[in-house]
2 protein chains.
Amino acid sequence: MISKKTKYGIKALTYICANIDKSPIPTSVIAEEENISLKFLESILSTLRKGGILASKKGKKGGYYLRKDPNKIFMVDIIRLLSGPIAMVPCVSLNFYETCEDCPNEEECSTHRLMLEIRDSTLEVLRKKSLAQLTEESRGR
Amino acid sequence: MISKKTKYGIKALTYICANIDKSPIPTSVIAEEENISLKFLESILSTLRKGGILASKKGKKGGYYLRKDPNKIFMVDIIRLLSGPIAMVPCVSLNFYETCEDCPNEEECSTHRLMLEIRDSTLEVLRKKSLAQLTEESRGR
DNA sequence: TGTAAATCCTATTAAATCGATAGGATTAAT
DNA sequence: ATTAATCCTATCGATTTAATAGGATTTACA
């Protein structure tokens, strides 16, 4: 399960992408449109800014906008930033690898093997999907 | 991330499958071999029994054994039992569906769309992989 | 130059979940 | 009887989650 943080983050980014002409967009507008708690969303957008996905403009008429072309922002990076590892188990994580204390040999661990396959199929989806693409699919129908 | 419950459950099932000739296998043996807390494993195997994957024999010389042919036990069912929904979000879950309070229209929700694709690619892996197959891949190399 | 509207920062909290741990009741083989 | 197993219920500490609170700072604009 992904957290609400991740879910709200994706929705917010899609909103910003869909309204890219109106940016910077204040947190309050997104919170209202997407039914997200304002303060919670503030912290999420802050994470996305620190992570290099969003940029912000302070003060009146300020808000958030995309730092890069949404065709060049991929969902893997967003999910990694908001949720942490893509892998369902640290021992198959590319970016957050950890050994298991209970496994003498990773190669022989059935969980390891299975989760490796799931990680790969998930990565396949997330690496291909850009924010621009997701936004178009969701809104443009 | 999957829980340790799920991880240990998969490892235990693989152990039982790999040692099917010696079944029923007592919890204590699996706990020792796979470095799992005995009491924790007890509760996991109990879940697997109640879920119809394992059967048990009580008393001395008792233990757990597979209820069905391991070629006919698929990883989807095991994961569902131990972790709950395969989907990363309740609104795309086949077996644990729930509406989101914040979404007026699911079809237009970007998170929904993305998680639908991930669910499908994950299901693809989990539905195809049998316990027998996973056991062979992990142990037999 | 003052005010409104925004980001930004730090801290707290209530609730839920996780990963165990504890203690014993029950059942069956020898 | 004894031993070795499942089975059942309850508790617990730690961590994470999803907010909430309060305010400091920055900027547009009248």
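So that the names make sense, note that chain A is the first sequence line, chain B the second, and so on, each numbered from 1.
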Looking at residues 4-25 of chain A, who's got a heavy atom less than 4.0 Å off DNA chain D?
K4(A), K5(A), Y8(A)
One pair to check against side-chain hydrogen bond (donor to acceptor under 3.5 Å, both in side chains): S110(B) and T14(A). What are the steps and the verdict?
CA-CA 7 Å; S110(B) 54; T14(A) 311; 2.7 Å; yes
Check whether any side-chain heavy atom of [X] sits under 4.5 Å from a side-chain heavy atom of [Y], and report yes or no.
X       : Y      : answer
L123(A) : L94(A) : yes
I25(A)  : Y15(A) : yes
L126(B) : D77(B) : no
N95(B)  : R80(B) : yes
L131(B) : I10(B) : no
L13(A)  : L54(A) : yes

Salt-bridge test for [X] and [Y]: reply yes if a basic N is under 4.0 Å from a carboxylate O, no otherwise.
X       : Y       : answer
E108(B) : R113(B) : no
K4(A)   : E101(B) : yes
K128(B) : E124(B) : yes

Provide, to the nearest angstrom, the distance between the [atom1] atom belonging to [X] and the [atom2] atom belonging to [N].
X       : N       : atom1 : atom2 : answer
I2(B)   : dG19(C) : CD1   : C1'   : 14 Å
L41(B)  : dA22(C) : CG    : P     : 17 Å
D102(A) : dG19(C) : CG    : P     : 12 Å
L38(B)  : dG19(C) : CG    : C1'   : 14 Å
F40(B)  : dT17(C) : CZ    : P     : 15 Å
M1(B)   : dG19(C) : CE    : P     : 12 Å
K61(B)  : dT30(C) : NZ    : C1'   : 9 Å

Note the angle between the end axes of the helix from dT1(C)-dA30(D) to dT30(C)-dA1(D), five pairs defining each, rounded to 10 degrees.
10°
Of K39(B) and G59(A), whose closest DNA chain C nucleotide lies nearer the 5' terminus?
G59(A)
Within 6.0 Å of CD in E106(B), more than 12 heavy atoms from elsewhere
yes
Going 5' to 3' along DNA chain D, which are the first and last nucleotides with any atom under 4.0 Å from a heavy atom of chain A?
dA18(D) to dC29(D)
Nearest heavy atom decides the nucleotide; on that basis, is K60(A) or E42(A) closer to the 5' end of DNA chain D?
E42(A)
Base, sugar-phosphate alone, or nothing: which one does S46(B) contact when heavy atoms must sit under 4.0 Å apart?
nothing
Short side-chain N/O contact to dT7(C) OP1/OP2 from T27(A), under 4.0 Å
yes
